[in-house]
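So you know, we letter chains A, B, ... as the sequences are listed, proteins then strands, and number each from 1.
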Amino acid sequence: MSPAIGLFPASGAGGLAQAATLELPQVEYSRFLPILILIGGAMAILVLAALVGGRVAEAWWTTLSVGVAAAAGIAGVWLWHDIQRHGPGTAISDALRIDGFSVWFTLVICSAVALFSLMADGYVQRERLGGPEIHVLALLSASGGLLMAYANDLLVLFLGLEILSIALYVLAGFHRRRAESGEAAMKYFVLGAFSSAIFLYGVALVYGATGTTRLDQANRTLTAMVTGNADRKLALAGMALMIVGLGFKVAAVPFHTWTPDVYQGSPSPVTGFMAAAAKAAGFAGLLRVLAFGLQPLRDDWRPAIWALAVLTLVVGSVLAIVQTDVKRMLAYSSINHAGYVLLGVYANNEDGVAGAQYYLLTYAFIVLGSFAVVSVVARRGDEATRIDDYRGLYLRKPLLAVAFTILLAAQAGVPLTTGFLAKFSVIRAATTEDDYSLGIIAMLVTAVAAFFYLRLIFVMYTAPEGVDEDHPEGEGSVAVLTRERTGMRVMPATAATIAVSVAMTVGAGLWAGPLLDFAERSRIFFSG
Amino acid sequence: MSAFLRDYLLVVLFAGAAIAFAGGSLTLGRLIRPSRPTAQKYLVYESGVDPVPGAWSQSQIRYYLFALLFVMFDVEAVFIFPWAVNLEAMAVFGLVEMLIFIFILALGLVYAWRKQVLRWV
């Protein structure tokens, strides 16, 4: 026997006797199958890469990655049918909650990963960063995001947050030869670690106040505390810290300062993935915590979310106007979009949550398409991201310019696109008879924000100086404008990403019913 | 004083004895010994040879890989310790779960191996 047991004879003997019965948790593996598929698929791809060795075409890894993401998405659809038959459920001893909300975010995040993999295919080939690692990291990050959407327990939410974030820190620094990429990773890591720690401190305070980390039990305990008018200071402090931690993740003002630098420095496909999947996962976590776990404290967090939403909308749109770099401009625009989703959170009703979900799904497609265009225009080295680099894009790559026009217009909220329907749903949900200030502010900000989208669209159709628009192959500018020498190659996978984004944006904008209905039907977690 | 604090009295006395012993002997030495400093006595000791100025050397950043792998497997060990203490209570479920955990980290080791990170060059 080891000496340790000899030193503590009393506790040792007693400990061994007490440990005879341990209650094992109920693990229904089929209920969280999408997470298992993503993790298992990522590990399988990694091991396959290690065993195969040598030079393998990038297309293999992309196909495998898209396949894994598609399989997880299909598992999500299967889960949806299962929920329709048997109602929402829990898994792993109530640590996870499987309902329509979870399925919706499964579809959002899995589509984001699939589109990202297609985008990254061309990017890593062009930048000579090839290999499966970028896909593996994205799949693992997505699994963390799914865990956040499925969370019924604050510690599970934290676990998901960390899995999502740590893989993203590495992805942000993925371009080894660019100093900006390393800088972005460093900034994201330091600030992200701080905000995760703040979030965890909030979890600890809420645990101190309610005696549990489970969201459903916290809901019940807090309801009792509110009706009994007990002292809620500890719970409120915990709530505030959790809003700070999650606000960082979704880039709400004033926790947004990392966003422009990190979005600008990261590789363009990774920025798209951050804006789509990380934001969606962050909002899933925020909705789970505020709208479900801390619902009894709604009179306390709703004013805070009101203030956050106003600040986020205004700061995001105003600061985007003065940007000269397209990636920074899209970063501030993504902050602006987070403000709209916060409107859905503020509304705190079923329409609000459905609107927020719909916004996140449509925004994911739009922003991934936009960053696919950005990664093409940035050329080798991922450097050409100023607004001036887009001047005359229509003359050189007309289809790309038209696609980008549609995506930017969707972000601005032009009708016949999903962007309009998304903004409409959240603003409608946040506007009631007595409480319309936020709706008015949101609509005014939409007009302000339209400026920088329209400016970029305008620039694309403007010829560079010294070139006649009708005869772009005139003297002096031939080398710049002939197709073979632009340095912009649209790889097939990237073209597929852009095509899918545009098709989804316009298609679901015109044929809006199915997606909107699905969003409404998948917000049943309130009653679950 | 509560029983809880009384348990720590032993620690306080022990710390006091250590400080007294070390401080006392050093102080006694300083009081007793003669002080006749010369320049040669203040040279840096370098095993008898003449000391060479500039002791700073640059450590190589490539050793970060070893630090990285060490941290990961050390944390794995930290997770295995409490599991090992409670293994009897968790029976087969606990065993299989920990084997899966170790297997996943072993996959990471395979990846590091094939990426030639483990070579000493």
S.K.: Can I get a per-line list of side-chain donor-acceptor pairs under 3.5 Å for residues 47-56 of chain B, giving both atom names and the distance, sequence neighbours left out?
M.R.:
none

S.K.: Within a 6.0 Å radius of atom CE on A:M43, are there more than 12 heavy atoms belonging to other residues, nucleotides or ligands?
M.R.: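 Atom CE in A:M43 is crowded, with more than 12 foreign heavy atoms closer than 6.0 Å.
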S.K.: Would you tabulate the side-chain donor-acceptor contacts of residues 164-181 of chain A under 3.5 Å, counting partners in other chains and residues two or more places apart, or write 'none'?
M.R.:
residue, atom, partner, partner atom, Å
A:S165, OG, A:L161, O, 2.6
A:S165, OG, A:K249, NZ, 3.1
A:H175, NE2, A:E127, OE1, 2.7
A:R177, NH2, A:E127, O, 2.3
A:R178, NE, A:G381, O, 3.4
A:R178, NE, A:E383, OE2, 3.1
A:R178, NH1, A:G265, O, 3.3
A:S181, OG, A:A172, O, 2.8
A:S181, OG, A:H175, N, 3.4

S.K.: Tell me whether A:F189 at atom CZ has more than 12 heavy atoms from other residues, nucleotides or ligands lying less than 6.0 Å away.
M.R.: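 Incorrect, the count does not exceed 12.
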S.K.: Would you say CG of B:L43 has more than 12 non-hydrogen atoms from neighbouring residues, nucleotides or ligands within 6.0 angstrom?
M.R.: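 Yes.
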S.K.: For chain A, which residues from residues 105-118 of chain B have at least one heavy atom closer than 4.5 Å to it?
M.R.: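 Result: B:L107, B:V110, B:Y111, B:R114, B:K115.
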S.K.: Give the interface residues of residues 76-83 of chain B toward chain A, defined by a heavy-atom separation under 4.5 Å.
M.R.: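 If one takes a 4.5 Å heavy-atom cut-off, no residue of residues 76-83 of chain B lies near chain A.
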S.K.: For the CZ atom on A:F194, are there more than 12 heavy atoms of other groups (residues, nucleotides or ligands in this structure) within a distance under 6.0 Å?
M.R.: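 For A:F194, atom CZ is not crowded (no more than 12 foreign heavy atoms under 6.0 Å).
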